[in-house]
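The block underneath contains the structure these notes are about, expressed in structure tokens.
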There are 2 protein chains.
Amino acid sequence: MEYKVLVRMNEKLFLRDPENSELGRRIIQQGIQLMAEVGFEDTTFRKLADRINSKEASIYRYFENKHRLLVYLVAWYWQWLEYQVVFQTNNLIDPREKLERILKLLLLKDLTRPNVPTPTDDTNILALHSIVIREASKAYLTHHVTEHNKQQLFKPHKDFCGRVADIILEYRPDYPYARSLASSLLETAHHQAFFMQYLPSLTDFGTGPDNQSNEEDRLLNFLRHLLFSSLETTNF
Amino acid sequence: MEYKVLVRMNEKLFLRDPENSELGRRIIQQGIQLMAEVGFEDTTFRKLADRINSKEASIYRYFENKHRLLVYLVAWYWQWLEYQVVFQTNNLIDPREKLERILKLLLLKDLTRPNVPTPTDDTNILALHSIVIREASKAYLTHHVTEHNKQQLFKPHKDFCGRVADIILEYRPDYPYARSLASSLLETAHHQAFFMQYLPSLTDFGTGPDNQSNEEDRLLNFLRHLLFSSLETTNF
DNA sequence: GCAAAAATGATAGTATAACTATCAAAAAAA
DNA sequence: TTTTTTTGATAGTTATACTATCATTTTTGC
């Protein structure tokens with residue numbers, strides 16, 4: 001039996017739901033590929049259209065512009081990640097265990113643990129993750145944040161952050177910075193991963209071709225230390 | 001007696017040194033104003049030229065493009081901040097005190113403490129700070145990071161980060177994540193300030209028009225807690 | 001103060017991105 | 001098999017991000 005976990009998206013994120021047509025799905029899949037390859041600024045709807053043997057105008061029927069496509073992809077990622085967290089922390093009681101799972105998920109570790117139905121297998125999660133690392137902050141670092149926020153475009157991000165904050169509060173009900181700690185943790189995970197790869201002197205982690213997973217473990221240790229040392233320090 | 005602290009910039013950051021001419025200085029000053037007002041994406045050299053009663057082509061003689069202008073502004077900011085740190089921690093022996101000063105500087109607090117020569121008084125630090133908060137990550141989140149990094153464009157950022165890391169090691173010589181903690185702290189300070197203003201549900205800090213400085217103090221408390229709880233937790 | 005050099009202004013032009021519009025053809029739904 | 005919806009194909013508009021050129025102004029060296 002196969003699972004197909006579908007991520008239902010806020011309607012404000014698109015003009016026409018890309019999940020509902022073959023062309024739409026190709027826009028998403030190849031959009032992920034293209035953006036992962038050339039980056040957000042060098043992505044154009046023309047290039048994307050060529051890649052899927054379609055036309056620029058057709059893509060505009062799905063997304064207002066490429067920024068909205070980015071926002072869509074990032075939102076999809078957060079919803080997907082939230083689903084993973086829900087699934088993986090489902091039977092856990094110890095909030096510390098839950099937080100551990102979250103840390104690993106943030107770095108895309110242990111994805112292949114048994115019984116996790118990877119939703120929409122055709123989505124290239126690795127490529128999407130690299131997009132999130134490099135481009136996600138461009139989704140909100142715009143002159144139109146407030147407007148976009150009103151349209152709920154960042155709800156998946158906020159929901160995920162809220163869920164992490166709730167688990168933080170499970171672990172330590174009197175912790176006063178649950179949401180800030182949660183959002184900082186997400187940002188830090190992504191930024192450190194980026195720095196590790198491109199600006200290693202901003203980190204303590206190298207990234208040779210050989211010991212890559214070892215260095216990723218060290219990043220995980222850092223995040224764990226940051227998180228739990230803050231949660232276990234009593235004087236605020 | 002007046003001080004004029006000049007920040008000497010890496011020559012790779014510009015085509016012609018904007019500090020060496022009246023036009024160049026106007027490009028910088030009004031560039032800061034414009035970018036703070038309309039944001040990076042909506043800034044164009046044409047608008048900037050109009051604002052300073054000059055021409056697009058003239059600005060191109062100073063900066064290759066607006067991204068390089070942003071990189072320049074951000075680099076200037078880091079160098080300025082490093083100078084502030086050097087100045088303010090000059091006579092301090094206690095590394096904890098030094099770190100406290102850094103936290104405040106990151107949030108642009110206590111700028112007006114006595115005897116701090118605010119370098120180039122004509123530079124609008126507040127506007128520049130808001131640019132750094134909203135746009136700084138766009139300086140390195142590009143497809144050309146590696147290339148730009150080779151040209152040393154991010155050296156001021158890395159130097160500042162390194163200086164903070166050194167003080168962290170003064171405070172706790174065996175701390176294994178000094179640079180990552182430093183870079184995370186900078187990022188977190190900026191991101192939380194942004195979230196506080198535009199996506200408050202990602203933080204624990206409001207930002208009403210009334211109690212603004214109070215909420216900024218709470219952000220400071222959070223950063224302090226994050227920093228010192230990590231530094232004082234012994235098991236890694 | 002003058003000649004040479006450098007910087008800027010003024011104007012024009014190119015390439016490309018970011019759309020919008022239109023209508024015919026194909027596909028899907030009723 | 002009509003009707004509706006979606007896509008293809010083509011074209012066009014506006015704005016940005018530049019580059020080029022040459023005259024004019026400003027600066028610099030002497």
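Every chain is numbered from 1 and lettered A, B, ... according to where its sequence line falls, protein lines coming before strand lines.
- In summary, the aromatic rings of H191(B) and H191(A) are positioned with their centroids under 6.0 Å apart.
- Between the side chain of Q79(B) and the backbone N or O of R8(B) there is at least one donor-acceptor pair closer than 3.5 Å.
- With hydrogens and angles disregarded, a donor-acceptor distance shorter than 3.5 Å links the side chain of R25(B) to the backbone of E19(B).
- Remark on DNA chain C: of its neighbouring residues N53(B) and E56(B), the 5'-side contact belongs to N53(B), judged by nearest-heavy-atom nucleotide.
- For the pair K66(B) and F40(B), the distance from NZ or CZ to the six-membered ring centre is under 6.0 Å and the angle to the ring normal is within 45 degrees.
- Listed nucleotides: dC19(C), dT8(C), dT7(D). Nearest to the side chain of Y60(A): dC19(C).
- By the 30° and 60° cut-offs, the orientation of the rings of F205(B) relative to F222(B) is tilted.
- Backbone-only engagement by Y62(A) is indicated by non-hydrogen atom pairs under 4.0 Å involving sugar-phosphate atoms exclusively.
- The phosphate of dA10(C) (OP1 or OP2) has no side-chain N or O of S58(B) nearer than 4.0 angstrom.
- The separation between N65(B) atom CG and dA17(C) atom P is 15 Å, rounded to whole Å.
- In this structure, the NZ atom of K66(B) is 12 Å from the C1' atom of dA15(D), given to the nearest Å.
- For F45(B) and dC18(D), the CZ to P distance is 8 Å, given to the nearest whole Å.
- Using a 4.0 Å heavy-atom cutoff across all strands shown, E64(B) reaches sugar-phosphate atoms only and no base atom.
- The phosphate of dA17(D) (OP1 or OP2) has no side-chain N or O of R46(B) nearer than 4.0 angstrom.
- Taking atom CZ of R25(A) as the reference point, atom C1' of dT7(D) lies 15 Å away to the nearest angstrom.
- Taking the side chain of K55(B) as heavy atoms from C-beta on, and the options dG9(C), dA7(C), dT19(D), the nearest nucleotide is dG9(C).
- Whole-Å rounding puts the L48(B) CG to dA15(D) P distance at 19 Å.
- In this structure, S54(B) does not reach the dT8(C) phosphate: none of its side-chain N or O atoms is under 4.0 Å from OP1 or OP2.
- As judged by a 4.0 angstrom heavy-atom cut-off over every strand, R61(B) is placed among the base-contacting residues.
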